[in-house]
Amino acid sequence: MNQFMSKGMPTFIERELEIIDELVKPKLKKSSKYMFIAIPLLSISIINLFFMLVITGYNQDMLIALGVYALLGAIGAALFKESRHVNKEIRQIGMDHIIKRIKDSEHVNDYKKNEYINNVKAKPKFSLQTFFNFLSEEQRRKKMMDN
């Protein structure tokens with residue numbers, strides 16, 4: 001889990017973040033590997049193609065080198081795009097877990113659950129904040145039931 005993000009958070013929120021982290025960890029590794037390979041391939045390809053075509057000019061002797069750099073660029077672009085696709089899957093896994101966790105709560109009434117779920121779906125960028133609000137409310141209700 002991101003230690004900077006969880007600093008100062010209550011333990012019940014940290015626990016949920018750890019669960020989400022465990023769910024997305026394999027996909028996150030995959031995405032990181034793709035990006036780690038894609039960025040250098042794209043950089044090398046673009047820089048070399050620029051120098052070969054713009055600075056030195058085109059001639060027949062460079063045809064194979066141009067093809068190789070173009071292929072490297074295409075592979076880099078494909079890996080970059082796949083990394084973005086995997087990142088979308090990561091966000092979806094997180095949202096699915098958040099929605100499932102809200103639905104499975106026994107301490108919050110159905111009306112509030114639906115309100116939280118609708119907020120998560122309507123504003124995916126703020127889904128973690130909505131989830132933290134839900135967890136805080138659930139924790140308050142648990143404490144009230146225990147007293």
Side-chain angles (χ1 to χ4, degrees), residues 1-55 58 64-147:
M1 181 174 62
N2 189 347
Q3 293 172 344
F4 299 111
M5 188 174 169
S6 67
K7 204 172 201 175
M9 287 190 178
T11 55
F12 61 92
I13 292 178
E14 282 183 19
R15 213 173 313 120
E16 290 297 328
L17 286 176
E18 287 173 1
I19 292 170
I20 293 172
D21 188 49
E22 288 300 316
L23 289 172
V24 301
K25 193 175 279 188
K27 296 267 186 195
L28 195 58
K29 283 184 179 180
K30 186 178 182 181
S31 174
S32 297
K33 285 179 186 176
Y34 287 162
M35 285 297 279
F36 186 73
I37 296 169
I39 298 297
L41 285 177
L42 280 169
S43 301
I44 290 169
S45 175
I46 290 171
I47 290 168
N48 283 306
L49 285 172
F50 175 77
F51 280 114
M52 290 179 86
L53 293 174
V54 176
I55 307 281
Y58 172 77
I64 293 174
L66 287 173
V68 169
Y69 288 127
L71 180 64
L72 287 177
I75 292 170
L79 288 172
F80 184 78
K81 189 166 181 145
E82 183 62 24
S83 173
R84 290 181 58 202
H85 177 71
V86 172
N87 286 338
K88 285 181 185 177
E89 288 178 13
I90 289 170
R91 284 191 294 276
Q92 189 61 46
I93 289 169
M95 277 190 57
D96 290 346
H97 174 75
I98 288 171
I99 291 170
K100 182 181 182 306
R101 174 65 177 78
I102 292 171
K103 284 181 181 178
D104 292 345
S105 176
E106 297 175 359
H107 301 285
V108 178
N109 63 37
D110 288 340
Y111 175 76
K112 287 299 275 184
K113 284 185 200 179
N114 288 334
E115 192 175 302
Y116 282 117
I117 290 170
N118 289 337
N119 281 342
V120 167
K121 289 179 179 177
K123 301 173 189 169
K125 292 188 181 203
F126 301 109
S127 61
L128 267 183
Q129 183 59 45
T130 303
F131 189 50
F132 295 164
N133 292 342
F134 162 77
L135 292 171
S136 298
E137 181 175 343
E138 183 182 54
Q139 188 68 16
R140 277 194 308 275
R141 289 179 186 230
K142 281 182 186 177
K143 284 184 179 179
M144 287 187 341
M145 292 177 120
D146 290 343
N147 289 337

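Small disclaimer: the values here were computed from a predicted structure and weren't measured. The basis for the numbers below is simple: all heavy atoms, side chains too, and nothing from hydrogens, waters or symmetry mates. We count residues from 1, following the sequence as given.
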Report task. Using modelled atom types only, decide if a donor and an acceptor are shared between the side chain of Ser83 and the backbone of Leu79 within a distance under 3.5 Å. Result -> no
Report summary line: Between Met95 and Val120, the two heavy atoms sitting closest are CE-O, 3.7 Å
**Report entry** Non-hydrogen atoms of Tyr116 and Ile102 that approach each other most closely
**Finding:** CB-CD1, 3.9 Å
Report summary line: Smallest heavy-atom separation, Phe134 atom then Val108 atom, equals CE1-CG2, 3.7 Å
Query raised in the report: Yes or no on salt bridge (charged side-chain N to carboxylate O under 4.0 Å, His left out) for Arg15 and Glu18, after CA distance, side-chain angles and deciding distance?
Result: CA-CA 5 Å; Arg15 213 173 313 120; Glu18 287 173 1; over 6 Å; no
Report task. Report the distance from atom CD1 of Ile19 to atom CD of Glu14, rounding to the nearest 0.5 Å. Result -> 12.5 Å
Query raised in the report: Is it the case that Gln129 and Asn133 place a side-chain donor and acceptor less than 3.5 Å from each other?
Result: yes
Query - Gap separating the OG atom of Ser136 from the CD1 atom of Ile13, nearest 0.5 angstrom - result: 4.0 Å
Query raised in the report: Taking Ser31 for the side chain and Lys27 for the main chain, is one N or O donor matched with an acceptor at less than 3.5 Å?
Result: no
Query raised in the report: Using 4.0 Å as the upper bound for N to carboxylate O, is an ion pair formed by Glu22 and Lys25?
Result: yes
Query raised in the report: In terms of heavy-atom contacts, does CZ of Phe12 have more than 12 from other residues, nucleotides or ligands at under 6.0 Å?
Result: yes
Query raised in the report: Is the shortest distance from a Lys or Arg side-chain nitrogen in Lys100 or Asp104 to a carboxylate oxygen in the other one below 4.0 Å?
Result: yes
Query raised in the report: Rounded to the nearest 0.5 Å, how far apart are CD of Glu16 and CG of Asp21?
Result: 12.5 Å
Query - Expected output: side-chain Ser45 to main-chain Leu42 donor-acceptor under 3.5 Å - result: no
**Report entry** Candidate pair Val68 and Asn48, rule side chain to side chain contact (heavy atoms under 4.5 Å, CB included), full reasoning
**Finding:** CA-CA 10 Å; Val68 169; Asn48 283 306; over 6 Å; no
Query raised in the report: For Ser105 and Lys113, which heavy atoms make the closest approach, and how far apart are they?
Result: O-NZ, 2.6 Å
Query - Ionic contact status for Glu89 with Lys30, cut-off 4.0 Å - result: no
Query raised in the report: With a 4.5 Å limit on heavy-atom distance, are the side chains of Ile90 and Asn87 in contact?
Result: yes
Query raised in the report: Gln92 and Asp96: side-chain hydrogen bond (donor to acceptor under 3.5 Å, both in side chains), yes or no, with the steps?
Result: CA-CA 6 Å; Gln92 189 61 46; Asp96 290 346; 2.8 Å; yes
Query raised in the report: Could you give the distance from CG (Leu135) to OG1 (Thr130), rounded to the nearest 0.5 Å?
Result: 11.0 Å
Report task. Check the pair Arg101 / Glu138 against side chain to side chain contact (heavy atoms under 4.5 Å, CB included), numbers first and verdict last. Result -> CA-CA 11 Å; Arg101 174 65 177 78; Glu138 183 182 54; 2.6 Å; yes
**Report entry** Heavy-atom side-chain contact between Leu128 and Leu17 under 4.5 Å
**Finding:** yes
Report summary line: For Ile20 and Gly94 the tightest heavy-atom approach is CG2-CA, 4.3 Å
Requested in this report: Find the distance between CG (Asn109) and CG (Asn114) and round it off to the nearest 0.5 Å.
Outcome: 9.0 Å
Query - Distance, nearest 0.5 Å, that separates NE2 of His85 from NZ of Lys88 - result: 8.5 Å
Query raised in the report: Who passes side chain to side chain donor-acceptor pair (under 3.5 Å) against Arg141, sequence neighbours left out?
Result: Glu137
